[in-house]
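Structure first, then comments.
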Amino acid sequence: MSFSARIKAELCRGKLDSKADALAELYGVLLFSNTFTPDEIRIITASPEFAQRLPRLLRRAVGLSFDRQPDPSAAGKKTFLITDPEKIFQIFAAYDIDSRQVLSLHINYSRIEEDSNRIAFVRGAFLAGGSVTDPAKGYHLELCTTHASVAREAYSILLDLDLDPKRTSRSGSSLLYFKKSEEIEKFLITIGAPAMAMEVMNAKVEKGMRNEIQRKVNCDYANTDKTVAAAQEQIAAIRKVDRLYGLYNLPDNLQQAALLRLTNPEASLADLASLSLTPVSKSGLSHRLKKIIELSRRGEESPADTE
């Protein structure tokens with residue numbers, strides 16, 4: 001089951017106690033559905049839970065039934081249809097719209113005056129025209145409608161609910177969308193899907209932990225590469241100095257540093273310092289090895305000059 005489908009399943013577990021809220025939810029469904037015209041109402045859904053809720057929602061809101069509805073046990077997408085002119089007239093009238101004169105659809109705000117009505121409207125809009133990307137892959141929630149005026153007006157409703165979507169269009173449809181995890185969490189909690197909002201939060205935490213672990217691994221790899229590169233440079237310098245002068249001609253402190261590095265080629269400076277028989281700090285050991293590198297580069301100076 002997709003992440004969107006799981007959200008719709010949670011939303012559909014909510015009761016239809018208030019007729020005003022049922023009317024508002026149906027309004028959102030109709031305005032964000034496949035077809036809502038004076039000739040036909042067509043709602044298509046792949047959500048079994050929404051398919052079960054729709055007939056009850058229609059009866060609770062306007063006391064009507066669909067002219068055609070699918071077999072509940074049928075797999076795949078399900079289509080709900082109303083073509084009866086009288087039913088369509090009654091549904092439009094429930095929102096104070098004359099189906100015989102409508103030119104473009106707008107939201108009748110008198111049907112969603114209360115906060116609970118506006119929340120129900122947005123819930124219906126999501127059930128019919130909403131989708132969410134799996135938060136493990138990314139953050140994107142959108143509401144899609146074919147009515148540009150409805151999208152503009154729904155934008156204001158979302159602002160009233162302290163939700164701040166972005167707007168765009170795609171393939172002739174108008175979209176309201178959210179791209180931040182916090183905004184998606186807030187949207188889902190608002191419309192009645194707190195459990196799925198928690199999943200978005202958990203996915204964000206897990207993603208953050210994975211990113212932090214990967215960052216540390218990358219940092220460890222980088223530090224290891226630097227340690228290996230530095231050790232190789234030091235060993236090469238020690239061997240060159242040995243060829244030029246002989247290590248036994250180096251001052252005692254440089255001899256000790258050289259022998260430590262040659263016998264522990266993969267150790268870090270901190271580890272080398274801890275292995276020294278005579279106390280030496282990490283910075284002190286680093287200074288001695290740098291002296292050997294400088295000496296290898298000069299090539300002709302007396303090692304005694306490196307004291």
Side-chain angles (χ1 to χ4, degrees), residues 1-14 21 24-34 36 43-47 49-50 53 105-107 109 111-112 114-212:
M1 183 183 290
S2 71
F3 194 76
S4 293
R6 292 167 61 202
I7 293 172
K8 292 179 182 182
E10 181 179 2
L11 292 175
C12 289
R13 288 194 286 270
D21 286 350
E25 183 176 317
L26 179 64
Y27 203 11
V29 169
L30 293 170
L31 291 173
F32 284 78
S33 64
N34 300 82
F36 181 38
I43 303 167
I44 302 173
T45 181
S47 167
E49 293 80 8
F50 184 36
R53 185 179 181 85
L105 290 172
H106 293 270
I107 297 174
Y109 291 103
R111 290 293 179 268
I112 50 173
E114 303 297 328
D115 276 352
S116 65
N117 305 154
R118 287 191 281 270
I119 290 170
F121 175 88
V122 176
R123 181 169 58 246
F126 182 83
L127 287 170
S131 63
V132 187
T133 300
D134 186 334
K137 300 176 182 177
Y139 303 118
H140 183 85
L141 181 152
E142 69 179 35
L143 301 173
C144 177
T145 176
T146 56
H147 310 291
S149 56
V150 169
R152 289 194 300 270
E153 293 155 1
Y155 174 78
S156 298
I157 293 170
L158 289 168
L159 291 179
D160 287 342
L161 294 172
D162 200 25
L163 300 167
D164 189 12
K166 302 293 187 296
R167 293 182 287 178
T168 190
S169 58
R170 183 176 65 222
S171 304
S173 295
S174 296
L175 305 179
L176 301 170
Y177 67 95
F178 301 89
K179 295 292 289 184
K180 295 181 179 179
S181 61
E182 295 84 359
E183 295 172 339
I184 295 172
E185 292 161 14
K186 189 174 182 180
F187 178 92
L188 295 178
I189 291 170
T190 298
I191 66 172
M196 295 307 294
M198 184 62 70
E199 290 210 18
V200 176
M201 298 178 198
N202 290 339
K204 179 173 62 177
V205 170
E206 290 176 7
K207 190 182 296 184
M209 291 176 62
R210 286 197 301 271
N211 289 341
E212 180 63 16

Margin query: Can you classify the ring geometry of Phe32 versus Phe121 as parallel (below 30°), tilted (30 to 60°) or perpendicular (above 60°)?
Written below: perpendicular
Margin query: For Leu31, is there any backbone N or O sitting under 3.5 Å from a side-chain donor or acceptor partner on Thr145?
Written below: yes
Note to self: According to side chain to side chain contact (heavy atoms under 4.5 Å, CB included), who are the partners of Ser131, at least two apart in sequence or on a separate chain?
What the structure shows: Ser4, Glu142
Next item on the list: Of all the heavy-atom pairs spanning Leu176 and Ala154, show the shortest one and how long it is.
Entry: CD1-CB, 3.8 Å
Check: Got a sec, which residues hit side chain to side chain contact (heavy atoms under 4.5 Å, CB included) with Glu153, two or more places apart in sequence or on another chain?
Finding: His106, Ile107, Tyr109, Ser149
Next item on the list: Can you measure from CD (Glu25) to CG (Asn117) and round to the nearest 0.5 angstrom?
Entry: 11.5 Å
Notebook entry, point to check: Should Leu188 and Leu141 be marked as a side-chain contact (heavy atoms from CB on, under 4.5 Å) after you check the CA-CA gap, both sets of side-chain angles, and the distance that decides it?
Noted result: CA-CA 10 Å; Leu188 295 178; Leu141 181 152; 4.1 Å; yes
Next item on the list: Could you grab the distance from atom CG of Leu105 to atom NE2 of His147, nearest 0.5 Å is fine?
Entry: 4.5 Å
Check: Roughly how far, to the nearest 0.5 Å, is CZ of Phe50 from CZ of Phe126?
Finding: 11.0 Å
Notebook entry, point to check: What are the two closest heavy atoms between Ile43 and Leu30, and how far apart are they?
Noted result: CD1-CD2, 4.4 Å
Check: Looking only at heavy atoms, what is the nearest atom pair of Ser173 and Thr146, with distance?
Finding: OG-CG2, 4.0 Å
Notebook entry, point to check: What pairs with Ala9 under side chain to side chain contact (heavy atoms under 4.5 Å, CB included), at least two apart in sequence or on another chain?
Noted result: Arg13, Glu49
Margin query: Please determine whether the number of non-hydrogen atoms from other residues, nucleotides or ligands lying under 6.0 Å from atom CD of Glu114 exceeds 12.
Written below: no
Check: Can you name the nearest heavy-atom pair linking Ile191 to Leu11, along with the distance?
Finding: O-CD2, 3.3 Å
Notebook entry, point to check: Quick one: CZ on Arg123 to OG1 on Thr190, what's the gap to the nearest 0.5 Å?
Noted result: 11.0 Å
Next item on the list: Answer yes or no: is there a side-chain heavy-atom contact under 4.5 Å between Met198 and Asn202?
Entry: yes
Notebook entry, point to check: To the nearest 0.5 Å, what is the distance between CG (Leu127) and OG (Ser47)?
Noted result: 7.5 Å
Next item on the list: Tell me, with the steps shown, if Leu143 and Leu175 meet side-chain contact (heavy atoms from CB on, under 4.5 Å).
Entry: CA-CA 6 Å; Leu143 301 173; Leu175 305 179; over 6 Å; no
Notebook entry, point to check: Between the main-chain N or O of Ala46 and the side-chain N or O of Lys8, is there a donor-acceptor pair closer than 3.5 Å?
Noted result: no
Notebook entry, point to check: Where do Ser174 and Ala151 come nearest, in terms of heavy atoms and distance?
Noted result: CB-CB, 3.5 Å
Next item on the list: Please tell me if the side chains of Leu163 and Tyr155 come closer than 4.5 Å, counting only heavy atoms from C-beta onward.
Entry: no
Notebook entry, point to check: Under the ring pair (Phe, Tyr, Trp, His ring centres under 6.0 Å) test, which residues partner Tyr139, sequence neighbours left out?
Noted result: none
Item checked: Main-chain N/O of Gly14 paired with Arg53 side-chain donor or acceptor, under 3.5 Å -> yes
Note to self: Give me the atom names and distance for the closest heavy-atom approach of Leu158 to Phe187.
What the structure shows: CD2-CE1, 4.0 Å
Notebook entry, point to check: Between CD1 of Ile119 and CD1 of Ile112, what distance do you get to the nearest 0.5 Å?
Noted result: 11.5 Å
Next item on the list: Inspect the contact between Asp162 and Lys186 and indicate whether a charged nitrogen and a carboxylate oxygen are less than 4.0 angstrom apart.
Entry: yes
Margin query: Please enumerate all residues that pass side chain to side chain contact (heavy atoms under 4.5 Å, CB included) together with Ile189, with sequence neighbours excluded.
Written below: Ala197, Met201
Notebook entry, point to check: Who pairs with Glu183 by salt bridge (Lys or Arg N to Asp or Glu O under 4.0 Å), at least two apart in sequence or on another chain?
Noted result: none
